[in-house]
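Computed from a prediction, not measured in an experiment: that's the story for all the values here. Throughout, a chain's letter reflects where its sequence line sits, starting with A, and its residues are numbered from 1.
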Amino acid sequence: MLSPGGLILPRSFYQRPVAEVAADLLGQHLHHGEVILRISEVEAYGGPEDSASHCRFGRTARNAPMWEAGGVVYMFLCYGVHHLLNIVTGPQEDASAVLIRACEPLAGLALIRERRGGRLQGPALLTGPGKVTQALGIDLTFNCHPLFTPGGLELRAGSAPAAILRGPRVGVPYAQPEHREAPLRFALADSEWVTHRQELG
DNA sequence: AACACGATGGACT
DNA sequence: GTCCATCGTGTTA
């Protein structure tokens, strides 16, 4: 099989407003080697006035990938410990990206468990942005990696979700109230593989 | 050169 | 619920 799973998503998929892409990322499949994950929870960041975004103080060396045209990866190291995966959206110069917060495992479960420490099972394996990148086996070296071309990390068409939940983003106490409370977190309504379920409506 | 600070996760009371 | 590991980055000097 030349293209296992769904078709690879074209670059145009990403060249839209970040909240729109975020919702449409739910149910799509991340492929890396033998591991395949179905995206179950995301958050939208960016736009000109988002005080929760890494780009709130303008362009820097770290956030440069967020200013690229949509379809590439923006990785960053959180707390010196966890690598977090973002998918850049919109046209070039539009600093926006979607944080991948949780996934469901579709393939490569044995490798995922091994990478996650060997003893865990169930949602504890993949409910959290740092857990997703550990399961995929990716780190800062994937910064700017294109998702719309075959090879390495890829995003492929999955199955459309039956229903979606929205709620405030997690872990952004430093943002202004209107940005803290904005319903920019999206999750599969029928999935157990979601963090902080109680905060979602 | 020095320093403060995280878009977290796991262990523990 | 609490505690805290750990390091790249941005800011300040």
Side-chain angles (χ1 to χ4, degrees), chain A residues 14 17-19 21-23 25-26 30 37 39-68 70 72-90 94-105 112-145 153 165-187 192-200:
Chain A
Y14 307 93
V18 62
V21 178
L25 279 168
L26 293 175
L30 282 165
L37 305 181
I39 298 173
S40 55
E41 181 187 344
V42 300
E43 283 175 355
Y45 285 89
E49 305 244 331
D50 184 4
S51 65
S53 169
H54 284 172
C55 296
R56 63 190 177 280
F57 300 132
R59 186 197 287 265
T60 65
R62 178 178 69 164
N63 67 33
M66 281 186 68
W67 303 77
E68 293 301 313
V72 300
V73 164
Y74 165 48
M75 299 290 300
F76 87 99
L77 182 63
C78 187
Y79 294 98
V81 185
H82 308 290
H83 296 93
L84 272 54
L85 168 63
N86 292 262
I87 296 178
V88 176
T89 63
D94 172 70
S96 60
V98 178
L99 172 68
I100 307 301
R101 287 194 51 88
C103 293
E104 301 174 345
I112 292 169
R113 292 193 67 204
E114 181 187 324
R115 286 172 171 165
R116 293 280 297 121
R119 293 181 297 281
L120 299 170
Q121 51 186 332
L125 283 171
L126 285 166
T127 50
K131 300 176 185 181
V132 170
T133 59
Q134 197 179 6
L136 285 169
I138 61 174
D139 57 23
L140 287 180
T141 64
F142 280 75
N143 235 334
C144 296
H145 178 86
L153 187 65
L165 298 177
R166 294 185 66 158
R169 293 172 292 185
V170 178
V172 291
Y174 52 84
Q176 296 184 347
E178 65 264 35
H179 302 146
R180 245 192 350 251
E181 295 157 15
L184 292 173
R185 183 160 69 109
F186 303 81
E192 298 302 308
W193 303 74
V194 173
T195 70
H196 306 281
R197 279 296 292 271
Q198 68 282 4
E199 295 169 30
L200 291 171

S.K.: Reading DNA chain B from 5' onward, which residue's closest nucleotide shows up sooner: A:Leu77 or A:Leu120?
M.R.: A:Leu77
S.K.: Whole angstrom is fine here: how far is it from OH in A:Tyr174 over to P in C:dG10?
M.R.: 14 Å
S.K.: I'd like the 5' and 3' limits of the part of DNA chain B contacted by chain A, with heavy-atom contacts below 4.0 Å.
M.R.: B:dG6 to B:dG10
S.K.: With heavy-atom distances below 4.5 Å as the criterion, would you say the side chains of A:Phe186 and A:Leu165 are in contact?
M.R.: no
S.K.: Provide, to the nearest angstrom, the distance between the CG atom belonging to A:Leu84 and the C1' atom belonging to C:dT6.
M.R.: 15 Å
S.K.: Tell me if a side-chain donor or acceptor on A:Asn63 pairs with a main-chain N or O of A:Gly58 at a distance below 3.5 Å.
M.R.: yes
S.K.: Quick one, A:Lys131 and A:Arg116 - any side-chain contact, counting heavy atoms below 4.5 Å?
M.R.: yes
S.K.: What stems show up for DNA chain C when you take Watson-Crick pairs (N1-N3 plus N6-O4 or O6-N4) and G-U wobbles (N1-O2, O6-N3), both under 3.5 Å, and require three or more consecutive pairs?
M.R.: B:1-6 with C:7-12, B:8-12 with C:1-5
S.K.: Less than 4.5 Å apart, side chain to side chain, heavy atoms only: is that true for A:Ile138 and A:Leu85?
M.R.: yes
S.K.: If you take the centroid of each ring, where Trp contributes its six-membered ring, are A:His54 and A:Tyr45 closer together than 6.0 Å?
M.R.: no
S.K.: A side-chain contact here means heavy atoms from C-beta on lying under 4.5 Å apart; do A:Glu199 and A:Arg185 qualify?
M.R.: yes
S.K.: Is there a side-chain contact between A:Arg56 and A:Asp50, using heavy atoms and a 4.5 Å cut-off?
M.R.: no
S.K.: May I ask you to say what A:Ala175 touches in the nucleic acid, namely base, sugar-phosphate or nothing, with a heavy-atom cut-off under 4.0 Å?
M.R.: nothing
S.K.: Looking at A:Glu49, I want to see if its CD is surrounded by more than 12 non-hydrogen atoms of other residues, nucleotides or ligands under 6.0 Å.
M.R.: no
S.K.: For A:Asn63 and C:dG10, give me the distance from atom CG to atom P, rounded to whole Å.
M.R.: 7 Å
S.K.: Taking for each residue the nucleotide of DNA chain B bearing the nearest heavy atom, is the 5' side occupied by A:Ala124 or by A:Cys55?
M.R.: A:Cys55
S.K.: From the options C:dT6, C:dG8, C:dG10, select the nucleotide whose nearest atom is closest to the side chain of A:Tyr79.
M.R.: C:dT6
S.K.: For residues 96-105 of chain A, please give each side-chain donor-acceptor pair under 3.5 Å, one per line with the distance, not counting sequence neighbours.
M.R.:
from, atom 1, to, atom 2, distance (Å)
A:Ser96, OG, A:Thr89, O, 3.2
A:Ser96, OG, A:Thr89, OG1, 2.8
A:Ser96, OG, A:Asp94, OD2, 2.6
A:Arg101, NE, A:Glu41, OE2, 2.8
A:Arg101, NH2, A:Thr195, OG1, 3.1
A:Glu104, OE1, A:Arg38, NH1, 3.4
A:Glu104, OE2, A:Ser191, OG, 2.6

S.K.: May I ask you to say what A:Arg116 touches in the nucleic acid, namely base, sugar-phosphate or nothing, with a heavy-atom cut-off under 4.0 Å?
M.R.: sugar-phosphate
S.K.: By the 4.0 Å heavy-atom rule, please label A:Val81 as base, sugar-phosphate, or nothing.
M.R.: base
S.K.: Reading DNA chain C from 5' onward, which residue's closest nucleotide shows up sooner: A:Cys78 or A:Asn143?
M.R.: A:Cys78
